[in-house]
Amino acid sequence: MPDLATPLIAWYRENARDLPWRRPGFGAWGVLVSEFMLQQTPVNRVIPHLEAWLERWPTPTALAMDAPADAVRQWANLGYPRRALWLHRAAVEIRDRHRGVVPDDVDALLALTGIGDYTARAVAVFAYGSRHPVVDTNTRRVLARALDGRSQPGPPSKRDLAAMESILPAEVAASTIVNAAAMELGATVCVARSPHCEICPVADRCAWRAAGYPDTGDDRRKQAKYEGSDRQARGAVLKVLRGAAAHAVPLDDVIPDWPDALQRDRAIDSLIADGLAEASGGELRLPR
DNA sequence: CACCCGTGGGT
DNA sequence: TACCCAAGGGT
């Protein structure tokens with residue numbers, strides 16, 4: 001097993017980006033909100049929204065006191081608006097189960113709505129300094145290349161945690177840096193396409209490089225086409241509900257010119273089923 | 001486990 | 001232009 005930790009720590013010290021959630025004293029709530037926003041949304045789009053969010057809701061309890069509709073509106077165009085709903089639910093759960101304090105325990109975090117394997121460990125490690133393996137898509141790619149000699153990682157699995165654990169230093173502070181450094185390397189150097197191996201701190205011990213950069217193929221499933229999809233229809237409906245001062249919109253005024261009326265109705269029904277919309281009196285609105 | 005869920009920038 | 005990709009999670 002090559003020592004990745006030592007070069008990763010040295011590299012991270014010099015090259016880590018200055019991101020808001022890495023500032024000392026940023027707080028567990030801020031870290032948690034950032035992790036929700038970063039679930040499938042790029043860093044650069046998250047930063048302004050994160051700052052506005054925390055200014056409006058500096059604590060979980062503050063968010064819990066407002067309506068889910070406010071969270072969905074504030075989420076704006078970050079995408080996957082269920083995350084806004086789930087973040088609101090998590091805030092309510094934190095208020096009710098944890099006296100308004102973001103828990104530091106992985107199992108307690110996992111029990112919160114919208115928090116899975118990655119986010120629970122990210123909060124425990126980056127907000128509280130615990131020692132756990134944190135594995136996101138960047139880390140999986142770095143480990144697949146450096147350890148397994150593959151160009152892309154396979155599907156996510158529990159083995160990913162064991163792989164990360166295998167390169168994690170025993171000492172707590174160092175382990176936190178290695179977790180962050182693996183993610184950072186994957187995000188900025190060991191990127192999916194055209195990686196910058198010439199500046200990579202672990203190039204001299206990378207199994208993929210040593211093997212001559214074989215293309216092992218990408219067994220991830222391709223993203224479904226967005227144009228013409230149900231997701232696009234849902235997005236259009238939610239954009240209307242979020243929009244302007246309209247708190248409730250007559251059903252007949254919700255994307256009336258959508259090309260596929262069946263798809264439009266399906267989108268509305270699924271949004272209601274997800275709790276992202278409510279129908280009453282022939283009107284549609286965000287959840288109160 | 002496969003599939004679903006938004007949105008926008010890069011190539 | 002199309003396609004790729006993004007600090008995932010729930011069902």
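First the proteins, then the strands, lettered A, B, ... as listed; each starts at 1.
For C:dA6, its base sits under 3.5 Å from the side chain of A:Q223 at one donor and acceptor pair at least.
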Indicate every side-chain donor-acceptor pair of residues 82-96 of chain A with a distance under 3.5 Å to a residue at least two apart or in another chain.
unit_1 : atom_1 : unit_2 : atom_2 : d
A:R83  : NE     : A:Y80  : O      : 3.4
A:R83  : NH1    : A:F36  : O      : 3.0
A:R83  : NH1    : A:M37  : O      : 2.9
A:R83  : NH1    : A:Q39  : O      : 2.6
A:R83  : NH1    : A:T41  : OG1    : 3.4
A:R83  : NH2    : A:T41  : OG1    : 2.8
A:R83  : NH2    : A:L78  : O      : 3.2
A:R83  : NH2    : A:G79  : O      : 2.7
A:H88  : NE2    : A:D66  : O      : 2.7
A:E93  : OE1    : A:T113 : N      : 2.9
A:E93  : OE1    : A:T113 : OG1    : 3.4
A:E93  : OE2    : A:T113 : OG1    : 2.6

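Comparing B:dC4 with C:dA7, their P atoms sit 23 Å apart, to the nearest whole Å. Comparing the same atom, P, in C:dG9 and in B:dG8 gives a spacing of 23 Å after rounding to whole Å.
For A:K239 and B:dG8, the NZ to C1' distance is 12 Å, given to the nearest whole Å. As a whole-Å value, the separation of A:R45 CZ from C:dA7 C1' is 14 Å. At whole-Å resolution of the value, CG in A:D136 and P in C:dC5 are 16 Å apart. Atom CD of A:Q39 is separated from atom P of C:dG9 by 5 Å (rounded to the nearest Å).
Here A:P156 lies out of heavy-atom contact (under 4.0 Å) with every strand. A:G79 comes within 4.0 angstrom of a base, heavy atoms only. Residue A:T137 is classed as a sugar-phosphate contact, given heavy-atom separations below 4.0 Å to backbone atoms only. A:D117 comes within 4.0 angstrom of the backbone, heavy atoms only, and of no base. Heavy atoms of A:K225 sit nowhere under 4.0 angstrom from any nucleic acid atom. Within the nucleic acid shown, A:R234 comes within 4.0 Å of sugar-phosphate atoms alone, with no base atom in reach, counting heavy atoms only. Heavy atoms of A:Y226 sit under 4.0 angstrom from at least one base atom. Residue A:W75 is out of contact with every strand shown, counting any heavy-atom pair closer than 4.0 Å.
Checking C:dA7, C:dG8, C:dA6 against every side-chain atom of A:T119, the shortest atom distance belongs to C:dG8.
The side chain of A:Q40 places an N or O atom within less than 4.0 Å of a non-bridging phosphate oxygen (OP1 or OP2) of C:dG8.
Helical stems in DNA chain C, defined as runs of 3 or more consecutive Watson-Crick or G-U wobble pairs with donor-acceptor distances under 3.5 Å: B:2-5 with C:8-11, B:7-11 with C:2-6.
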